[in-house]
Amino acid sequence: MERPSLRAALAGARPLRVGWSCLPDPLATETMVRAGFEAVLIDLQHGVIDMGVAPAMLGAIRAAGGYALARIPVGEYQSASRLLDWGAEMVVAPMIETADDARAFASFMKYPPNGLRSYGPARAVQLSGLSSDAYRTSANGSTLAIVMIETRSALAHLEAILAVPGIDGVFVGPYDLSIALSQDGEPGLDRPDTIAAMERVARQTKAAGKVCGAFGANAALVRRYLGLGFTFATLSTDVDLIAGAARAAIAEVEGDS
Ligand code: 3PY
Ligand code: MG
């Protein structure tokens, strides 16, 4: 059976189970998919992952049947094209401030006439199972350009950002967003202003017919964000999963003392 596109999977009846990789290890990322994550994002912004290991990680996720997502470092839109070439099906751009930022990112994500993505998707063609022509003509629709809303400027320009052609949706970073909204530089995921801002982002993004994700970090936050109307929320990172499993294993042997 042919795998549904990422766009179709995100529109499915059940929210996609999305994991997050910070560690540069294709086998660990693949293990997350085999354990039940349906998509994994590899993080080139805050993770230890670079362009050297990213292609193997994207390939490992897809070989295990998962959807391969990636986040680029701030402003490195050129990396977005390369990650698409190596098999990313969604690229997330952090710290977008304005519609001009979103337009610059979209131009690296979409082939002409919609953008200026340069042609060279050898590995993406292989992984898609399509002919080169079929990949080229479907890529603009099947790969998703997602901008992060995590600054006051992005909130103020949300409507204009959502109207940029080629932008397929948004992803909220609640840590940066809550720091930006605070008076004292402290993150506050549970603060009413953070939650209200996120609810507005979800509402406006859905009204624009676009995908809306959030960084979840744990089950309670995932439930909260899905309840606010987000299409998907990431559940946990590889580092947190290892730390949690290590604590649980130790507690099982020694008790909670
Ligand atoms: C944020 O919460 O700011 C993020 O970017 C999550 O990684
Ligand atoms: Mg952030």
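Both counts, for ligands and for their atoms, begin at 1 and track the order of listing. No experiment lies behind these values; they were computed from the predicted model shown.
What sits closest to atom 6 (C) of ligand 1 on the protein, heavy atoms only, is F215 CG, 3.4 Å. Of the protein's non-hydrogen atoms, the one nearest atom 1 (C) of ligand 1 is G173 CA, 3.2 Å.
In R71, the part holding a heavy atom less than 4.0 Å from any atom of ligand 1 is the side chain. Contacts with ligand 1 closer than 4.0 Å are made by heavy atoms of both the backbone and the side chain of Y175. Neither the backbone nor the side chain of Q45 comes within contact range of ligand 1; no heavy atom lies under 4.0 Å.
Remark: ligand 1 and P174 share an N or O pair separated by less than 3.5 Å (distance only, no angle test). By the 3.5 Å distance cut-off applied to N or O atoms, D176 is counted among the residues near ligand 1. No N or O atom of H46 sits closer than 3.5 Å to an N or O atom of ligand 1.
D238 places a side-chain N or O within 3.5 Å of a backbone atom of C22 that can act as its donor or acceptor partner. No side-chain donor-acceptor contact under 3.5 Å links S178 to the backbone of P187. The closest donor-acceptor contact from the side chain of R7 to the backbone of L144 lies at 3.5 Å or more, if one exists at all.
In this pair, Y77 and F108 present their aromatic rings tilted. The plane angle is within the 30 to 60° band. Between W20 and F171, the ring-plane angle classifies as parallel under the 30° and 60° cut-offs.
The angle that D176 OD2 and E150 OE1 make at the Mg ion (ligand 2), rounded to 10°, works out to 100°.
Atoms of ligand 1 found under 4.0 Å from any heavy atom of E150, numbered from 1 in the order shown, are 1 (C), 3 (O), 4 (C), 5 (O).
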Inset, instruction - Carefully, step by step, assess L241 and M32 under the rule side chain to side chain contact (heavy atoms under 4.5 Å, CB included). - result: CA-CA 10 Å; L241 290 168; M32 288 170 75; 4.0 Å; yes
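Atoms CG and CG, on D43 and L69 in that order, are 11.5 Å from each other to the nearest 0.5 Å.
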